[in-house]
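As structure tokens, the structure follows; a few thoughts come after it.
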Amino acid sequence: MLQCTAVTQVPYAEALLALATMEGGPEHPPDAVEPEEFVLCELGDHDERAEHAAHLWTADTPDDQDLWLLWSGTGAHRVHRLDTLRLCPAVLREPATRTVTPCAYFDHHPGPHSFSVTDPLGDLIAEHVHSEVRRLVSEDGDPGAPGAPGASDVSDVPDVPDTDAP
Ligand SMILES: [Zn+2]
Ligand SMILES: [Zn+2]
């Protein structure tokens with residue numbers, strides 16, 4: 001599942017007000033949002049009936065109420081709202097690597113959880129970084145794995161999502 005490609009401008013004055021009045025908001029709201037700032041929808045690709053959503057602020061409260069910009073439509077037809085929403089409770093557990101990845105979206109978000117959504121640009125950057133690392137490692141020789149004949153033996157284990165979520 002690819003990430004939605006919708007982009008919108010943050011309503012600056014409204015965002016400042018929301019940041020200033022929310023529980024656990026930033027001490028200095030102008031540091032948290034730029035005038036003329038644009039944000040990407042972070043959800044997995046979705047249809048028109050679901051709102052787009054961009055995360056604006058992680059609240060400093062025990063119950064994780066984050067500020068999101070939600071919108072639908074574009075240009076003059078855009079309808080938007082700023083809302084504090086609870087985190088999605090879903091997590092991705094990978095026993096092999098002992099990692100637990102929480103979903104980065106809000107509770108009851110549309111579509112798949114964040115760990116099932118790929119950002120093509122982010123993947124491109126990650127792939128570039130990996131190939132750079134491989135190049136540096138091969139220039140330096142074996143980084144020291146005992147018994148391993150070389151760094152090229154390190155195999156890429158694909159991430160198999162093992163989700164216990166719907
Ligand atoms: Zn969207
Ligand atoms: Zn989720």
Side-chain angles (χ1 to χ4, degrees), residues 1-27 29-130 156-166:
M1 168 68 82
L2 294 176
Q3 190 175 324
C4 177
T5 54
V7 178
T8 200
Q9 188 169 4
V10 177
Y12 186 59
E14 280 174 61
L16 282 184
L17 185 65
L19 288 162
T21 54
M22 73 182 283
E23 198 186 335
E27 273 180 33
D31 292 345
V33 61
E34 302 276 333
E36 319 262 316
E37 183 169 333
F38 282 82
V39 285
L40 273 167
C41 175
E42 296 172 35
L43 302 176
D45 205 13
H46 57 89
D47 68 24
E48 305 256 307
R49 285 167 299 175
E51 288 172 299
H52 302 294
H55 182 266
L56 294 185
W57 182 257
T58 303
D60 186 16
T61 56
D63 58 349
D64 290 328
Q65 297 257 24
D66 293 355
L67 182 66
W68 288 79
L69 171 64
L70 300 127
W71 77 98
S72 54
T74 53
H77 299 289
R78 185 183 78 169
V79 179
H80 71 267
R81 62 194 174 99
L82 288 149
D83 217 344
T84 50
L85 303 166
R86 275 175 196 285
L87 272 180
C88 175
V91 293
L92 174 69
R93 286 196 181 81
E94 289 168 285
T97 52
R98 293 192 181 180
T99 53
V100 176
T101 310
C103 176
Y105 302 153
F106 49 90
D107 205 1
H108 302 300
H109 61 82
H113 299 293
S114 66
F115 39 72
S116 304
V117 174
T118 48
D119 174 1
L121 188 62
D123 285 355
L124 218 62
I125 293 165
E127 181 51 40
H128 178 72
V129 169
H130 282 151
D156 284 320
V157 181
D159 288 332
V160 181
D162 175 25
T163 172
D164 52 12

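On a predicted model such as this, the values are computed, not experimentally measured, just so you know. Whatever order the structure lists them in is the order used to number ligands and atoms, beginning at 1.
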Next item on the list: Using the Zn ion (ligand 1) as the apex, give the angle to atoms SG (Cys41) and ND1 (His52), rounded to 10 degrees.
Entry: 120°
Check: Which angle, to the nearest 10 degrees, do you find at the Zn ion (ligand 1) between NE2 in His46 and SG in Cys4?
Finding: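 Roughly 110°, rounded to 10°.
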Check: Between the main-chain N or O of Thr8 and the side-chain N or O of Arg78, is there a donor-acceptor pair closer than 3.5 Å?
Finding: no
Check: Does Tyr105 use its side chain to pair, donor to acceptor, with the backbone of Glu42 at less than 3.5 Å?
Finding: yes
Next item on the list: Start with the C-alpha distance between Leu43 and Val117, add both sets of side-chain angles, then the distance that settles side-chain contact (heavy atoms from CB on, under 4.5 Å), and finish with yes or no.
Entry: CA-CA 8 Å; Leu43 302 176; Val117 174; over 6 Å; no
Notebook entry, point to check: Side-chain donor-acceptor pair under 3.5 Å between Glu14 and His80, yes or no?
Noted result: yes
Next item on the list: Calculate the angle formed at the Zn ion (ligand 2) by ND1 in His113 and SG in Cys103; 10° precision is enough.
Entry: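 About 120° at the Zn ion (ligand 2).
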